[in-house]
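Everything quoted here is computed from the prediction, not taken from an experiment. Throughout, numbering of the chain's residues begins at 1 and tracks the sequence.
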Amino acid sequence: MTKKKKNILLIEPGYKNKYPPIGLMKISTYHKRLGDRVTFYKGDLKKFILNGIVDECIAKVSDIENKIDWLKRKETIEKYIKTKRSQYINEILIDVPDIFKETNSKYPLLELWFKYYADFYRRKVYVNNPKWDRVYVTTLFTFYWKITVQAIKDAKMLVKNNHELKVGGVMATLLRDEIYEETGIFPMAGLLDKPGMLDENDLIIDDLPLDYSILDEVDYIYPTGSAYFTFMTKGCTRTCAFCSVPKLEPTYKEKIPTKGKFEEIKEIYGEQQNLLLMDNNVLASPKFPEIIEEIKEMGFYKGATWVEPNQLDIAIKNFKSGLNDIAYRKRIHRLLKEFYNKRLKGKKVQQEFYDKLDKFGLVKLETTTKENILKAFPEIRDTYEKYRDKAPKQRFVDFNQGTDARYVTDEYMRLMSEIPIYPLRIAFDYIGLQKKYINAVYLAHKYGIDRLSNYLLFNFVDKPEDLYNRMRINIDLSRELKIHIYSFPMKYIPLYGEDAKDRQYIGKHWNKKFIRAIQSVSNVTRGIVPPGKSFFEKAWGKNISEYFQILYMPETYIIYRKIFEELGYTQKWSELFNEKLTSEEKDIAKKIIETNDFKDLKSKTQNENILKLLSHYLITRNDVKNSDKEYKTIKKKFDGIIKSDRFVELTLTYDFE
């Protein structure tokens with residue numbers, strides 16, 4: 001008996017994230033091996049529901065009248081279904097002959113169907129007849145609580161049976177009971193690393209290769225470029241109180257077979273440029289030398305280069321095979337658009353290529369159909385091959401979650417220098433790691449690794465001065481060794497409870513104003529602390545005293561530093577803060593400033609001297625943001641750094657957003 005194909009929906013909520021949903025990519029491979037139909041969506045599910053109904057509507061009216069290209073009217077059809085306004089139905093049917101009259105109706109048949117689908121959407125009729133046999137919702141950081149919970153609730157409307165709504169991932173593991181209380185869905189915790197966890201079969205989902213094709217089903221662009229995503233190890237040997245890994249991956253696996261997965265990915269999707277390793281503590285593995293050797297065997301040795309394969313050929317091959325029609329229709333349209341805009345030089349060749357796209361309806365996505373693409377391919381193939389990018393590019397390896405300085409040895413650093421590691425990320429989570437961390441940096445320098453970065457955890461049990469001292473160590477090491485160390489301050493957020501559900505948690509040695517000051521300085525450079533002494537000292541202070549002065553400084557004065565210094569406002573604030581207040585007045589003022597709440601100041605103090613100081617905190621960003629050329633110059637400079645170094649973009653610098 002033939003197994004019935006299931007309709008599977010994979011959902012990633014609409015939060016901003018830098019990495020694709022690896023778990024869903026494995027689940028997609030799993031279901032496709034079972035012969036199921038898989039769809040991936042990221043974003044607001046209400047928009048997804050609307051899109052699906054619009055597509056069904058277009059399919060229905062196309063069956064009735066196939067002489068009209070309804071896809072060209074898709075935008076207006078969507079507006080009508082969403083609003084049911086007569087102006088849109090009139091626009092849709094303005095040139096359609098009134099030849100489909102039903103005997104007992106004053107409406108044309110086409111108009112009846114448009115009204116049907118508008119009512120189907122607006123009255124939520126779809127809730128009574130869901131089409132999905134199983135729905136998966138992935139979760140990420142716990143502070144995405146609201147948007148994730150809403151996605152789970154919306155997903156309940158789409159699945160035939162709520163028992164087939166599967167919720168997993170980071171937040172699902174850490175806040176399992178809370179999600180159940182809020183949604184009625186009990187999440188799956190941890191990894192899908194045993195057979196039979198979803199269905200009665202021998203497949204281990206966590207061991208499957210990733211389905212890269214699903215990423216092209218959505219409009220969201222993950223800033224990872226061409227890269228293999230994988231783990232060479234799983235878990236961690238440490239049990240740090242601030243870290244979720246012991247809960248997410250409780251068993252340390254010292255070596256995971258990877259090479260075979262890479263060969264399968266290469267065969268289907270083409271060879272990828274870079275290797276992005278998501279291991280949580282790769283240096284803890286006694287098999288680290290084997291891991292390095294395998295990385296080199298996969299083509300990631302020092303000095304390795306990569307020439308991008310013909311992406312259009314790969315996409316057409318997979319489109320013809322029916323691997324993922326939704327994804328490859330979008331991907332091919334995007335490839336052709338990027339090729340036309342970026343690769344073709346000269347009006348003649350551009351016009352000729354555009355004419356061919358226009359001839360087959362490939363200029364707009366709405367009219368880019370599988371039939372048109374396959375008809376056009378023989379006419380555009382040679383031009384694409386001739387002008388596509390064939391320049392060799394360097395390959396890089398990134399242990400993206402950071403390496404543990406406590407496991408660094410001379411031999412391990414020598415091994416890492418044999419692969420194109422860029423950058424080397426070394427964790428510096430607390431000041432107590434100083435000696436181990438500095439030793440690791442010296443060893444990196446010894447073996448020619450001169451591009452480093454790290455995450456600097458703060459707001460846990462550390463003090464504000466600990467963050468400054470760690471940043472300063474990196475600045476001094478960069479100057480001494482003539483290397484580049486980029487720091488990324490990362491605010492601690494609890495793993496469990498109500499404090500985990502947003503970004504508001506304040507550590508015992510911190511306060512709202514200090515946290516906001518750190519974010520304000522970081523905002524200018526999108527989270528980066530670059531390796532330049534003069535900029536660092538201007539941004540963060542020459543010493544601890546100046547650093548605390550900046551932490552207490554009005555937020556607008558921090559961000560728009562130069563303009564307020566030129567106006568003399570910063571000096572006036574400094575005089576008031578440092579000289580004009582008595583010791584008792586300054587203590588009162590500090591307590592008010594630390595709350596970062598400057599509304600209704602007279603209810604907080606009647607002291608005129610303190611109120612004069614606090615008036616500086618009432619100037620907002622909106623008052624000056626369009627007039628600060630210095631801010632724009634700095635932003636442009638560091639935007640340039642980020643664009644030229646995509647691994648900076650891939651760092652988990654979420655808090656400054």
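In this structure, Trp145 and Glu182 have side chains that are in contact, with non-hydrogen atoms separated by less than 4.5 Å. Under the 4.5 Å side-chain criterion, counting only non-hydrogen atoms from C-beta, Ile92 is in contact with Trp70. Counting heavy atoms from C-beta outward, Leu203 and Leu34 have side chains that approach closer than 4.5 Å. A 4.5 Å side-chain heavy-atom check between Lys115 and Ile89 finds every atom pair outside the cut-off. Contact check for Ile373 versus Ile316: side-chain heavy atoms found under the 4.5 Å cut-off. Between Asn129 and Phe120, the closest side-chain pair of non-hydrogen atoms is not below 4.5 Å. A heavy-atom distance below 4.5 Å is not found between the side chains of Tyr88 and Glu78. Side-chain contact between Leu158 and Ile49: present, with at least one pair of heavy atoms (C-beta onward) separated by less than 4.5 Å.
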request  = Report the C-alpha distance between Lys259 and Glu297 in whole Å, list the side-chain angles of each, state the deciding distance to 0.1 Å, and finish with yes or no for salt bridge (Lys or Arg N to Asp or Glu O under 4.0 Å).
outcome  = CA-CA 9 Å; Lys259 199 171 180 182; Glu297 288 174 4; 3.2 Å; yes
request  = Run the numbers on Asp119 and Lys84 for salt bridge (Lys or Arg N to Asp or Glu O under 4.0 Å), then give the verdict.
outcome  = CA-CA 8 Å; Asp119 288 337; Lys84 207 178 178 183; 2.7 Å; yes
key: Audit row: Lys253, Asp193, salt bridge (Lys or Arg N to Asp or Glu O under 4.0 Å) steps and yes/no   = CA-CA 11 Å; Lys253 298 177 182 179; Asp193 57 355; 3.4 Å; yes
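A salt bridge does not link Lys261 with Glu264: every distance from a Lys NZ or Arg NE/NH1/NH2 to an Asp or Glu carboxylate oxygen is 4.0 Å or more. Salt-bridge annotation for Arg395 and Glu271: present, with a side-chain N of the basic residue lying under 4.0 Å from a carboxylate O of the acidic one. Look at Lys6 and Asp133 and you find no salt bridge, because none of the NZ, NE, NH1 or NH2 atoms lies under 4.0 Å from a carboxylate O. A salt bridge is defined here as a Lys NZ or Arg NE, NH1 or NH2 lying under 4.0 Å from an Asp or Glu carboxylate O, and Glu294 with Lys255 meets this definition. No salt bridge links Lys79 with Glu91; every basic N to acidic carboxylate O contact stays at or beyond 4.0 Å.
The aromatic rings of Phe141 and Tyr144 lie tilted to each other, with the angle between the two planes from 30° to 60°.
Rounded to the nearest 0.5 angstrom, Asn281 CG and Glu249 CD are separated by 11.0 Å. Atom OH of Tyr422 is separated from atom CG of Asp398 by 10.5 Å, given to the nearest 0.5 angstrom.
Taking the ring centroids of Phe353 and Phe339, they lie under the 6.0 Å cut-off. Taking the six-membered ring where the residue is Trp, the centroids of Tyr19 and Phe229 are separated by 6.0 Å or more.
In Lys393, the NZ atom is crowded: over 12 heavy atoms of neighbouring residues, nucleotides or ligands sit closer than 6.0 Å. No more than 12 heavy atoms of other residues, nucleotides or ligands shown are found within 6.0 angstrom of NZ on Lys5. In the displayed structure, Lys153 atom NZ is contacted under 6.0 Å by more than 12 heavy atoms of other residues, nucleotides or ligands. Arg85 CZ: 12 or fewer foreign heavy atoms inside a 6.0 Å radius. Heavy atoms of other residues, nucleotides or ligands lying less than 6.0 angstrom from NZ of Lys156 number more than 12. More than 12 non-hydrogen atoms from other residues, nucleotides or ligands lie less than 6.0 angstrom from NZ of Lys370. At most 12 heavy atoms of other shown residues, nucleotides or ligands fall within 6.0 angstrom of atom NZ in Lys146. The local environment of CD in Glu379 is crowded, with over 12 non-hydrogen atoms from other residues, nucleotides or ligands closer than 6.0 Å.
Counted by atom type alone, Asn201 and Tyr30 present one or more donor-acceptor pairs between their side chains at under 3.5 Å. Side chains of Lys42 and Asn17: a donor-acceptor N/O pair is present below 3.5 angstrom, by distance only. No hydrogens or angles considered: a donor-acceptor pair under 3.5 Å links the side chains of Gln272 and Ser226. Judged purely by distance below 3.5 Å, without hydrogens or angles, the side chains of Tyr384 and Asp313 never pair a donor atom with an acceptor atom.
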Just distance, no hydrogens or angles: give the donor-acceptor pairs under 3.5 Å from side chains in residues 52-64, sequence neighbours left out.
| residue | atom | partner | partner atom | Å |
| --- | --- | --- | --- | --- |
| Asp55 | OD1 | Lys74 | NZ | 3.1 |
| Ser62 | OG | Ile58 | O | 2.6 |

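Partners of Lys26 under the side chain to side chain contact (heavy atoms under 4.5 Å, CB included) rule, at least two apart in sequence or in another chain, are Ile22, Ile205, Asp206, Leu210, Lys234. In terms of the side chain to side chain contact (heavy atoms under 4.5 Å, CB included) criterion, residue partners of Glu338 (sequence neighbours excluded) are, by chain and number, Arg334. Not counting sequence neighbours, the partners of Ile314 by the side chain to side chain contact (heavy atoms under 4.5 Å, CB included) test are Pro309, Gln311, Asn318. Evaluation of the side chain to side chain contact (heavy atoms under 4.5 Å, CB included) rule for Leu495 yields Leu174, Ser244 as partners, not counting sequence neighbours.
What you find for Val135 and Ala155 is that their closest heavy atoms are CG1-CB, 4.1 Å. When all heavy atoms are compared, the tightest approach of Leu248 to Leu191 is O-CG, 3.9 Å.
The stretch residues 153-189 participates, sequence neighbours left out, in these ring pair (Phe, Tyr, Trp, His ring centres under 6.0 Å) pairs: Tyr180-Phe186.
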